[in-house]
Chemist: 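Below is the structure I would like to discuss, written out as structure tokens.
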Amino acid sequence: ELGGYEHYMLKEIHEQPEALRNAMRGRLDEENATAVFGGLNLTPQQLRGIERITLTGCGTSWHSALVGEYLIEELARIPVEVQYASELRYRNPPIENNTLVFGITQSGETADTLAALRETKRKGHRTLAICNVVGSSIAQAADGGVYLHAGPEIGVASTKAYTSQCCVLTMLALYFGRMRHMSFERGQEIIEELHRLPGAVQQALSCDLQVRDVAAKYKDATNVLYLGRQFNFPTALEGALKLKEISYIHAEGYPAAEMKHGPIALVDKATPSVFIIPHGTTYDKVMANMEEVRARGGPIIAIASHDDPQVDSVADDVIRIPRVPEFLQPIVSVIPLQLLSYHVALLRGCDVDKPRNLAKSVTVE
Ligand code: M6R
């Protein structure tokens, strides 16, 4: 079952190029430069009338919701709100008419997400699920939805489901964008980039050996900071969660610019910072943050574009990823972070696939 891999988590990390292909199969419509989904159960007119989107989920699925917020707002220009499912249920927020609510979940059994979706549905809102497990409780409770088709995810730490969720959200952003202002040419460009994505993820996976060395260097850390901006801010949160849950090292993710408002006080020789700094609009600003950390003696691991020589002078270790457009960076830049948490956990003798105190699906509130 493990197909030659030592753990499910490692197997699932390496399955990501294939999982992405499966998520996209039959859903990219070149002729109309858009995406197509079979199970939304809403007419084009109803979808055209959507004025707001709420994305909800827990844990890693909440992180993909944050990626979705950046994606949908940038590509489709629809205002998006992200809510923890556990908060949404009891907060009783005023949700406006013509709001579409997406519950995002790998298992489809998370009690908080199920309850949030039922509550919003009860109020008369349209609810959809982005879900991996076919026929699961959340898939059934929603009015419709999109399956990830990522295949079974056994490791407690979510990996391929996360990147598949980001991929589905990209296709939804394309779909909603093309219903509105997005040009045919822009739609075509996005489809071309999506076709190249599994190859880019495959290339990113080749950093494995190098990541192992980096893991050996920092395995005894007690605190790690993860910093990134814009599309890579959720990646920082996700990298930190992965490290926490399987290696039991305390880690925090922040938008890189927030560091100077408090967390920088944590920086010292024993506290490594992982900067997610591929090329992009905020590159120079993140570089400046990185220099701040260096000036305070903090060790730096940088996740950077393959053709960026500038980071070498500031970071102690540079892990290279292929260049992709900013809106696809979350799917590529998370790969070395998944591997980093895997190798650190392994070196610390932790049970990678079944971390303490955690279950694969959290069916209690
Ligand atoms: O099955 P779900 O996506 O609804 O699960 C939500 C979280 O419990 C889950 O993502 C959790 O945070 C993972 N263990 C993270 O790796």
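Counting starts at 1 for both ligands and their atoms, following the listed order. Being a predicted model, the structure only gives us computed values, none of them experimental.
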Chemist: Could you find the nearest protein heavy atom to atom 16 (O) of ligand 1 and give me its residue, atom name and distance?
Modeler: E245 OE2, 2.3 Å

Chemist: Within a distance under 4.0 Å of any heavy atom of A157, pick out the atoms of ligand 1 and give their elements.
Modeler: 16 (O)

Chemist: Do you know the tightest heavy-atom contact between L174 and G187?
Modeler: CD1-CA, 3.8 Å

Chemist: Counting heavy atoms only, which of I130, T60, T110 is nearest atom 4 (O) of ligand 1?
Modeler: T110

Chemist: At a 4.0 Å cut-off, with the gap strictly under it, does some heavy atom of C58 reach an atom of ligand 1?
Modeler: yes

Chemist: Taking only Lys NZ, Arg NE, NH1 and NH2, and the carboxylate oxygens of Asp or Glu, determine whether E119 and R89 approach each other closer than 4.0 Å.
Modeler: no

Chemist: Could you tell me whether R348 sits above the aromatic face of Y248, with NZ or CZ closer than 6.0 angstrom to the six-membered ring centre and within 45 degrees of the axis?
Modeler: no

Chemist: Looking at atom 1 (O) of ligand 1, what's its closest protein heavy atom, distance included?
Modeler: S107 OG, 2.7 Å

Chemist: Ring centroid separation for H14 and Y5, is it under 6.0 angstrom?
Modeler: yes

Chemist: Just which atoms of ligand 1 are under 4.0 Å from any heavy atom in S61?
Modeler: 2 (P), 3 (O), 10 (O)

Chemist: What atoms in ligand 1 come closer than 4.0 Å to a heavy atom of Q106?
Modeler: 1 (O), 2 (P), 3 (O), 4 (O)

Chemist: Polar-atom distance check: L241 versus ligand 1, any N or O pair below 3.5 Å?
Modeler: no

Chemist: Tell me: protein heavy atom nearest atom 8 (O) of ligand 1, and distance?
Modeler: V362 CG2, 4.0 Å

Chemist: For the ring pair Y254 and H261, is the centre-to-centre distance below 6.0 Å?
Modeler: no

Chemist: Using the rule that Ile, Leu, Val, Met, Phe, Trp and Tyr join whenever any side-chain heavy atoms are under 4.5 Å apart, tell me whether I95 and I78 fall into a single cluster.
Modeler: no

Chemist: Can we say R212 and D208 salt-bridge, meaning some charged N sits less than 4.0 Å from an Asp/Glu carboxylate O?
Modeler: yes

Chemist: Taking only heavy atoms of K242, which atoms of ligand 1 are found under 4.0 Å from at least one of them?
Modeler: 15 (C), 16 (O)

